[in-house]
Amino acid sequence: MKLAVLQLIIDVAQPLLVPVCFVSAWLLVLLVGCNIWTAARDSINVAKKMHQVPCPGCRYFTDDYRLKCTIHPSIANTEEAIECLDYQAKTNPMLY
């Protein structure tokens, strides 16, 4: 009796499993692709923003990992430094 009921459930569900698995697999592929696209887009946006940081061209930037900036060491090379009021472009000492 129990075996017959189980066999009936399997016979009814089997034709539905193939389309359900097919759609589920493609949805999973689309979700992974969408997540990869979103991560790449966000990474590019962050990279563009970080390229606006003027610190390497500033006269107060030391290029030393212990003290990056003599004026604002806590915000050196961060997004906060984009609008730094103390920024002064480096001058070439060979010109003097």
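These numbers were taken from a predicted model, which means no experiment stands behind them.
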Which residues satisfy the side-chain contact (heavy atoms from CB on, under 4.5 Å) test with [X], sequence neighbours excluded?
{"X": "T38", "answer": "C34, R41, D42"}
{"X": "R66", "answer": "D64"}
{"X": "L31", "answer": "none"}

- Message: Test: side chain to side chain donor-acceptor pair (under 3.5 Å). Region: residues 27-37. Which pairs qualify, not counting sequence neighbours?
- Response: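 For residues 27-37, and leaving out neighbouring residues, there are no side chain to side chain donor-acceptor pair (under 3.5 Å) pairs at all.
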- Distance in Å, C58 SG paired with N77 CG, rounded so as to fall on 0.5 Å steps: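 One gets 10.5 Å once the value is rounded to the nearest 0.5 Å.
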Cluster companions of [X] among Ile, Leu, Val, Met, Phe, Trp, Tyr (side-chain spacing under 4.5 Å):
{"X": "I44", "result": "none"}
{"X": "Y60", "result": "I71"}
{"X": "L17", "result": "none"}
{"X": "V12", "result": "L8"}

- Which pairs, with at least one residue in residues 47-62 and sequence neighbours excluded, count as a salt bridge (Lys or Arg N to Asp or Glu O under 4.0 Å)?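 Every pair satisfying salt bridge (Lys or Arg N to Asp or Glu O under 4.0 Å) with a residue in residues 47-62: there are none.
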- Task: Provide the closest heavy-atom pair for K68 versus A76 in the form atom of the first, atom of the second, distance.
- Result: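 So the minimum-distance heavy-atom pair works out to CB-CB, 3.7 Å.
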- Partner residues of Q7 under the side chain to side chain donor-acceptor pair (under 3.5 Å) criterion, sequence neighbours left out: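 Q7 satisfies side chain to side chain donor-acceptor pair (under 3.5 Å) with D11 once adjacent residues are dropped.
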Could you list the donor-acceptor pairs under 3.5 angstrom formed by side chains in residues 78-88, with sequence neighbours left out?
residue, atom, partner, partner atom, Å
T78, OG1, I75, O, 2.6
T78, OG1, E80, N, 3.4
D86, OD2, H72, NE2, 2.5
Y87, OH, G57, O, 3.4

- Message: Using the rule that Ile, Leu, Val, Met, Phe, Trp and Tyr join whenever any side-chain heavy atoms are under 4.5 Å apart, tell me whether V29 and F22 fall into a single cluster.
- Response: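 Yes, one cluster joins them.
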- Step through the shown structure and confirm whether more than 12 heavy atoms of other residues, nucleotides or ligands are within 6.0 Å of CG on L27.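 Enclosed: over 12 neighbouring heavy atoms sit under 6.0 Å from CG of L27.
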